[in-house]
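This one's a predicted model, so the numbers in the text were calculated from it and none came from an experiment. FYI, the numbering just counts along the sequence from 1.
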Amino acid sequence: MAMTLLNALPGQGRDRLMEFSRPVSFTAGTRIFEDQGPADRFWVIRTGAVNLDLRGHGREVGTVDMLGHGDLLGWSWLVPPYTWHLGAEAFSLVRADEFDARAVRALCNEDPVLGLALTRRVLEVVADRLQATRVRLLGVDAPQESERTLPHR
């Protein structure tokens, strides 16, 4: 199982970070954020599931990923211009810890050790999701083994 954001942080840093959180819940079907909206907060999911989706030109392109227990919801708050790159919708009842992004960025500037640990973990999350998306896209677009032609020798 992958290490969650909160478990990846040093204990004292995790406690300081939690000071900027509050418990929230979203009912199934709630839009949590929209692509290009202001990324002014992020969440760590406690229970439930969230679909990350892509919509463009007035139509829904589809679900990109589903997140659940322990997952970080939102990373765009860490990278200027602080706007979402996807949308998110609660698939089921979601309970999460919500963090104020501006306050967390200030905390990271004040505590560079925590800031580096948090940034590294968020970067790991982004890299994992990019790789998972790549695998899904290649799985859809790659021809099946039986469809491939073998070179003649």
- Note on the structure: Taking every heavy atom of W77 against every heavy atom of A101, the minimum-distance pair comes out as CB-CB, 3.5 Å
- Query: Do E89 and T30 come close enough that some side-chain heavy atom pair is under 4.5 Å?
  - Reply: no
- For the pair D100 (side chain) and R102 (backbone), establish whether a donor and an acceptor sit closer than 3.5 Å, ignoring hydrogens and angles. yes
- Item | Transitive ILVMFWY side-chain link F91 to L86, under 4.5 Å | no
- Query: With a 6.0 Å cut-off on ring centres, are F42 and F99 close enough?
  - Reply: yes
- For W43 against A96, the heavy-atom pair lying closest together: CB-CB, 4.1 Å
- Min side-chain heavy-atom separation R129-D65 under 4.5 Å: yes
- Item | P80 versus L78, closest heavy-atom pair with distance | CD-O, 4.0 Å
- Taking the side chain from H69 and the backbone from R46, do they hold a donor-acceptor pair closer than 3.5 Å? yes
- Task: Check whether any side-chain heavy atom of L138 sits under 4.5 Å from a side-chain heavy atom of V135, and report yes or no.
- Result: no
- Item | Inter-residue atom distance H85.NE2 - S76.OG, 0.5 Å rounding | 4.0 Å
- Query: Under a 4.5 Å cut-off applied to non-hydrogen side-chain atoms, are T63 and L52 in contact?
  - Reply: no
- Task: Find out whether the Lys NZ or Arg CZ of R31 is both under 6.0 angstrom from the six-membered ring centre of F26 and within 45° of the ring's axis.
- Result: no
- Taking a hydrophobic cluster as the set of Ile, Leu, Val, Met, Phe, Trp and Tyr residues connected by side-chain heavy atoms closer than 4.5 Å, whether directly or through intermediates, do V113 and V104 fall within one such cluster? no
- Item | Pairwise distance CG(L114) to OG1(T119) - rounded to 0.5 angstrom | 8.5 Å
- Item | Shared hydrophobic cluster, L54 / L67 (ILVMFWY, side-chain heavy atoms < 4.5 Å) | yes
- Between E124 and R121, is the closest basic N to carboxylate O distance under 4.0 Å? yes
- Item | Straight-line distance of R14 CZ to L5 CG, nearest 0.5 Å | 10.0 Å
- Worked check of side-chain contact (heavy atoms from CB on, under 4.5 Å) between V64 and D53: CA-CA 5 Å; V64 175; D53 57 40; 5.6 Å; no
- Query: Does D71 reach the main-chain N or O of G68 with its side chain, forming a donor-acceptor pair under 3.5 Å?
  - Reply: yes
- Check: R22 side chain, E98 main-chain N or O, donor-acceptor pair, under 3.5 Å: no
- 4.5 Å side-chain heavy-atom contact, L116 and P112: no
- Heavy-atom pair of closest approach, residues L107 and R16: CD1-NH2, 3.2 Å
- Query: Nearest heavy-atom pair of A90 and I32: which atoms, and what distance?
  - Reply: N-CD1, 4.0 Å
- Message: Do E19 and D15 have side chains that approach each other closer than 4.5 Å (heavy atoms only, starting at C-beta)?
- Response: no
- Task: Quick one: closest heavy-atom pair of A103 and F20, and the distance?
- Result: CB-CD2, 3.3 Å
- When hydrophobic residues are tied together by side-chain contacts of less than 4.5 Å, even through go-betweens, does V24 share a cluster with L93? no
- Item | Residue pair F33 / R41, side-chain heavy-atom distance below 4.5 Å | no
- Query: Distance from L123 atom CG to L118 atom CG, nearest 0.5 Å?
  - Reply: 11.0 Å
- Following the transitive rule for hydrophobic clusters with a side-chain heavy-atom cut-off under 4.5 Å over Ile, Leu, Val, Met, Phe, Trp and Tyr, establish whether L17 and V79 coincide in one cluster. yes
- Within a strict 4.5 Å, meaning less than it, do heavy atoms of the M18 and L6 side chains meet? yes
- Query: Can any side-chain N or O of S92 pair as donor or acceptor with the backbone N or O of A49 at less than 3.5 Å?
  - Reply: yes
